[in-house]
2 protein chains.
Amino acid sequence: MSLQHALLGVLEARPMNGYELTRFFEAAPRWVWSAPHSQIYPTLRQMEQAGLIEGQQEIRGTKLRRMVYSITERGLEELRGWVSTGHSAPPVRDAFFLQALFFDMVDPEEAASVLRAYIEGQEKLIAEWRAHSQALLAKETDLLRERLKNRPPAEHDRIARLKAHVFDGQIAVAQARADWARESLRLLAGDA
Amino acid sequence: MSLQHALLGVLEARPMNGYELTRFFEAAPRWVWSAPHSQIYPTLRQMEQAGLIEGQQEIRGTKLRRMVYSITERGLEELRGWVSTGHSAPPVRDAFFLQALFFDMVDPEEAASVLRAYIEGQEKLIAEWRAHSQALLAKETDLLRERLKNRPPAEHDRIARLKAHVFDGQIAVAQARADWARESLRLLAGDA
């Protein structure tokens, strides 16, 4: 399950409690994997039972106790195994292309307005991912800074480049989608 | 739920029984929406209860009875309403980009082999979608032929172009992904 691997990957940077993890996934809905907190807590419990992470009570002041999770050796192995193995592609399920498949059934002006909103959404994602890619390249995100503390300095640039490149990939996909939507507008208008 | 809209869109072409619908979704895993038969039958029952489709017993020979579903006026309205409305983007959840985000943790040769398998998968999708796009443009798919029987001949070319264009969009996205994976190979090899 990919949420497990997303959590392992985040915890590899540094130990975090459930609340911090929830905030990370909420503050990063435009990361590569989003998850609601209703999924995060039960998944953490399962992962702890499976020995992939381990929880430790964190005592702050006299009362507040939180479970802080860190990745175990077994969790690291699971993450590395998953990352280095080819996985079959998920089933094709693209709600937007499904919608576009029936544009001939509606008023072209309505279809055009759906397309314009879609282009705007893709442009917004592109802007967010571009900012994130640049922050990674400059090694300026909190998580990357934590992560690099445990890596040889000679590798820092390479790691930052590899991570930034993932967001460049998401940008390229969103750009292809926005370009496609622009062509669709021309097609609907009868210009293509 | 998008499966409902996928089913409505297929049934708009012609009435079908559950078995034919299941075969359509199985034979078209590379369409825009795939669904296992375990989802199709219960969804058809819900849609019938909601008045979006209507079932009629089909009697073949003396014994074989199948329920043949056709789209109702209400189903058409639901489909048109969904198609002409902008919907919020689904949450970002890309298992492959998530995997790529941790390529720095594994042997570059293993990461490269994951990337090569991924490129191959995308190329295969591109070839299937290209064939489908060309068949649509030539009005040669069974479903499109059935669908066009109920549309004015003057619109046939436009409808075929709009539908083919959706698969051109899927091709453009897969191409962006394959190109990205090729750049990743160069980056892993230290050439970028």
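Residue numbers start from 1 in every chain, and the chains themselves are labelled A, B, ... in the order their sequence lines are given, proteins ahead of strands.
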Check ion pair [X]-[Y] (N to O, under 4.0 angstrom):
X: A:K139; Y: A:E155; value: no
X: B:R177; Y: B:D94; value: yes
X: A:K149; Y: A:E146; value: yes

Chain A contact via [X] - side chain, backbone, both or neither, heavy atoms under 4.5 Å:
X: B:V166; value: both
X: B:F167; value: side chain
X: B:S88; value: neither
X: B:E12; value: side chain

Is the shortest side-chain heavy-atom distance between B:F102 and A:K163 below 4.5 Å?
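Contact flag for B:F102/A:K163 side chains = yes.
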How about A:F97 and B:W129: are their ring centres within less than 6.0 Å of each other?
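No.
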How many angstroms lie between NE2 in A:H37 and CZ in A:R23, if you round to the nearest 0.5 Å?
14.0 Å
Using a cut-off of under 4.5 Å on heavy-atom pairs, state which of [options] scores highest against chain B.
options: A:G9, A:G86, A:A100, A:A172; result: A:G9
options: A:V114, A:L76, A:L125; result: A:V114
options: A:A111, A:A181, A:A117, A:A95; result: A:A95
options: A:V106, A:T85, A:D104; result: A:D104
options: A:L162, A:L115, A:D107, A:D179; result: A:L162

If you count heavy-atom pairs within less than 4.5 Å of chain A, which of [options] leads?
options: B:R80, B:Q99, B:R116; value: B:Q99
options: B:D168, B:L101, B:I159, B:L79; value: B:L101
options: B:E110, B:M105, B:H87, B:R158; value: B:M105

Same cluster or not: A:L143 versus A:L7, using hydrophobic residues (I, L, V, M, F, W, Y) connected whenever any side-chain heavy atoms lie under 4.5 Å apart?
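A:L143 and A:L7: one cluster.
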B:L144 versus B:A160, closest heavy-atom pair with distance:
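The pair with the smallest heavy-atom distance is CD2-CB, 4.1 Å.
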